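Order of the sequence lines fixes the chain letters, A, B, ..., with proteins taken first and strands second; residue numbering starts at 1 for each chain. This is a predicted model, so every value here is computed, not measured.
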Amino acid sequence: MRGTKYLNDKTRVIVIGITGREASQVVIESEKLYPGIVKCGVTPGKGGTVLKEDCPIPVFDTVKDALKVNKLKQLVNTGLIYVPPTSVLDAVYELIDNGIKLMYVITEHVPIRDSIIIYELAREKGVTIIGGTSLGCFVPSIGRIGAIGGKDPSVAFKDGSLVVLSKSGGLTVTTSEMFKRRGFGIYMALAVGGDVIACTTFADVLPELEKDKNVQACVIMGEPGGVYEEQVAELIAKGGYTKPLAVFVAGVFQEMMPEGVAFGHAGAIVERGMGKATDKIKMLEEVGKKTGTIKVAKFYHELVNSLVSLGVKRDFGDSYTDSVKPLYNTLD
Amino acid sequence: MKLYEYETYDTIFKKYGVPVPKYLVIQHPGQNVSDFVEQCGEAVIKSQVLVGKRGKAGAVKFAKTGDEANEHVKALMETEVYGEKPVSVIIQEKASILKELYVSFTYSSKPRCPVFVISLEGGIGIEEQDPSKIFTFEINPLEGLFPYKIREYLIEIGFDDKAILRQLSEIIANMYKGFWNSESRLLEVNPLIMAGDKTNPEKQKILAIDAVTIIDDDARIAPSKIYIARGAMGRPLTKREAAAHLIDRDDHRGKAGSYVELDGDIGMMTFGGGGSTIIVETVFALGLKPANLTDIGGNPPAEKMNKISKIILSKPGLKAVLVCGGTASNTRIDVTLGEGLVSAIEEMKKDGIFPEGLVWVVRRSGPEYQKGLKMLYECFVKNGIRGVIYNSELPLTEAPQKLYEILKSKNML
């Protein structure tokens, strides 16, 4: 198998809500770039049609109908959920009932109570769910799930040995691009989503990276809310992940803001003295002092130097220049 | 959305069976207040505000007569609590407290499940309570929380009042049902009290005498459809914030209406939840002061960008504008910047309300960025706007640094 548990050369996808505005655009775009990953989709009432004339992915009324087709039954192993927030729980149940063991929830604003049920289901049934609010996954040597990288992912992604994990979808791409410009290629970029209850957390992914020989190091983009960065520190302290890790935790400034200011993701709301950015940074730094494998960047753009300071080798040449010239200048 | 105390009583406790002392919610003094106090003998009067620690702020009063109660009602309605104006006051029968418990339900991200939190020593100062006296129990969300389980927990933590064990366990189970069914993120009662029963001294009653509820804003039925509107920052919205709120209301394409005002002088047009966060904090770290926060994303149409651009640029006292975002996967740069922002600049120019003399720093990439940034540049040239425009060759958070350097070199810090 080439690739990771989350996206590999065997990954074949069924898209729930495939004819929606965002889903259809993303699927058509992705199939042009990396054909053959998306096999079919579901939109109740549109069964028997195809997504688009020049992108003839079959659409079914139910997952059950789709998997009645023998070829699909044999190939499809991954779900991609693009339905409205209050329909996500239903979509997860439908996929689990039909034997799908890996799925992505791209939908934002999933009710927290539904997320809690979804996580418990996943745990009890041994299913891996990424999200909600995931932007998807990108493995340059394989392709992508979801919208990561837009129409031209080559701007941000080049094959390499680094894994980028991020709560923020947008920063998954922006961070990958920053590293690419500095000579680090990406083995996998995974947007785990910024919800308070995330079905797959940083600490869930790191043990997978530990045993994967293709992974040299990991970069984590954290945010306030939840204790998922703290769990990374605990995992590393126990020896569950020993490769280099560069981290940036956003949101220190929010601690100076009046209580109750929600800004950015739902999960980035600072809650009752728990999961504050400064707490996370402190814990990671303490463990890093002992293991010498963690570096927390003070500024986001210092992430590259943080990784270099841990002795991680470049995959290709560094194209950085100290004085980036603006495209346009009307200052003087 | 955080609820007022009376909203929890009215919409959750009544429905699910969590007993509270008799109460009355009012906004003006009146005969009904006097009648109420006469009936119950002694009453507690509390301001209805969202902020906590009302007791310390003097927003909780006691009265033995109707006149006394009415004076308190009038005074409390006129008094802000930590800067927040009460929406009403609640008058409640005063209970004789024998014992105070702390009970709450919330979601914990560590075990990723609902948790039941209890202390047998509740009341004022629970935040400073010895952590070893606060107990947390995980709840399987698919099974729920039965009273027998609560009795097991109560005995485990040393609750020894057998006479009231069953009643207490059932009320706590009802609280959990209320928490779960109302799609709360937090339901907290401090204190849940054992009170003497005036009619029967042998018996005790269990009563909730305060309640803090936070409903999930993403709940299946949005709380804004059930409860009255409230400001997020403990202050009313500014007129520009109110205008920004309307941008996304009737148009679900993309998001451009998230706008909060601060008292700085750097206009911030930032994109993406995570991106906006780290750009703003870099600005703070450099000692610059943002005039606002924005968080634009999801490929909003040009009309929305036009509106939010005008709102950002119309805040008085700006000295610079930072237009900054990562490499968008979906948001079109020609539409958002090339059309939306440019049209806002042109229209404000025409109306004579464009803020002149500002320094602009732009850093953006994503679909059609070459076209979009060129359109913006042409607009800068045409209108004599001073600025620099970068693509993603410049690391994201170095854009605020460039702004800092320019302001410094021009003695504008």
Side-chain angles (χ1 to χ4, degrees), chain A residues 85-86 109-113 116-117 119-121 124 135 147-151 155-156 166-171 173-174 177-178 181 194 196-198 221 223 225-228 231 248 250-254 256 258 260-266 268 275 299-301 324 326-331, chain B residues 2 107 109-110 112-114 140-142 180 183 185 216-220 232-234 258 260 271-278 280-282 284-285 293 295 297 325-330 359 365-367 373-374 376-377 380-381 385-398 406:
Chain A
T86 51
H109 300 292
V110 178
I112 189 168
R113 191 181 66 181
I116 282 279
I117 297 170
Y119 173 69
E120 187 60 30
L121 274 175
E124 288 183 7
L135 192 66
I148 288 189
K151 254 190 209 157
V155 174
S166 172
K167 282 184 173 176
S168 157
L171 288 180
V173 184
T174 303
E177 181 177 356
M178 177 165 73
R181 288 181 185 279
V196 176
I197 301 301
M221 292 292 306
E223 278 176 15
V227 293
Y228 304 131
Q231 287 172 332
F248 179 79
V252 172
F253 87 97
Q254 288 179 331
M256 301 179 288
V261 177
F263 179 59
H265 300 129
F299 285 100
Y300 171 71
H301 53 262
V324 178
L327 278 183
Y328 305 107
N329 187 340
T330 62
L331 265 186
Chain B
K2 196 168 176 182
Y107 295 110
S109 67
K110 198 165 189 180
R112 287 179 265 179
C113 68
N140 182 320
L142 304 180
W180 182 258
E183 287 190 69
R185 289 179 60 152
D216 183 6
D217 289 321
D218 296 327
R220 289 178 162 262
M233 291 184 69
S258 158
V260 176
F271 297 84
S276 297
T277 306
I278 63 173
V280 173
E281 69 190 359
T282 311
F284 273 115
L293 308 174
D295 161 17
T327 303
S329 289
N330 188 27
V359 170
S365 185
L373 296 183
K374 185 154 182 279
L376 188 58
Y377 165 65
F380 277 17
V381 171
I385 295 169
R386 295 182 304 160
V388 282
I389 299 176
Y390 292 91
N391 63 4
S392 55
E393 210 182 321
L394 185 74
L396 182 64
T397 48
E398 282 185 24
I406 294 167

| query | Between A:Lys151, A:Met178, A:Arg181, which has the largest tally of heavy atom pairs under 4.5 Å with chain B? | reply | A:Arg181
| message | Out of B:Arg220, B:Glu183, B:Arg386, B:Lys374, return the one with the most heavy atom pairs under 4.5 angstrom to chain A. | response | B:Arg220
| task | Mind listing the closest non-hydrogen atom pair of B:Arg112 and A:Ala198 along with its distance? | result | NH1-O, 2.8 Å
| query | Can you say whether B:Asn330 sits under 4.5 Å from chain A via the side chain, the backbone, both, or neither, judging by heavy atoms? | reply | side chain
| query | Using non-hydrogen atoms only, which part of A:Leu331 is less than 4.5 Å away from chain B: side chain, backbone, both, or neither? | reply | both
| So do the side chains of A:Ile112 and B:Tyr107 get within less than 4.5 Å of each other, counting heavy atoms only? | yes
| B:Thr277 side, atom OG1; A:Lys167 side, atom NZ - distance, nearest 0.5 Å | 11.5 Å
| Does the side chain of B:Tyr377 reach to within under 4.5 Å of the side chain of A:Leu327, using non-hydrogen atoms? | no
| remark: B:Pro395 and A:His301 have their tightest heavy-atom pair at CB-CB, 3.9 Å
| message | With heavy-atom distances below 4.5 Å as the criterion, would you say the side chains of A:Tyr328 and B:Leu373 are in contact? | response | yes
| request: Counting only heavy atoms closer than 4.5 Å, note whether B:Ala328 contacts chain A via side chain, backbone, both or neither. | output: neither
| said: Looking at A:Ile148, is its backbone amide N or carbonyl O close enough to the side chain of B:Ser329 to form a donor-acceptor pair, meaning the two atoms are under 3.5 Å apart? | reply: no
| query | Under the 3.5 angstrom rule, does the side chain of B:Thr327 hit a backbone N or O of A:Thr174 as a donor-acceptor pair? | reply | no
| said: Nearest 0.5 angstrom please: A:Glu124 CD to B:Leu142 CG, how far? | reply: 5.0 Å
| said: Would you say that B:Asp218 contacts A:Pro85 through its side chain, given a criterion of any heavy-atom pair below 4.5 Å between the two side chains? | reply: no
| field | Test item: A:Arg113 side-chain N/O and B:Trp180 main-chain N/O as donor-acceptor pair under 3.5 Å | value | yes
| query | Using non-hydrogen atoms only, which part of A:Tyr119 is less than 4.5 Å away from chain B: side chain, backbone, both, or neither? | reply | side chain
| message | Ignoring hydrogens, what is the shortest heavy-atom contact between B:Cys113 and A:Ile116? Give both atom names and the distance. | response | CA-CD1, 3.6 Å
| field | Under 4.5 Å from any heavy atom of chain A - which part of B:Ile385 | value | backbone
| remark: Counting heavy-atom pairs under 4.5 Å with chain B, the top scorer among A:Val173, A:Val324, A:Ile117, A:Asn329 is A:Val324
| field | Separation of A:Tyr300 OH from B:Glu398 CD (nearest 0.5 Å) | value | 11.0 Å
| Side chain B:Ser109, main chain A:Ile197, donor-acceptor under 3.5 Å | no
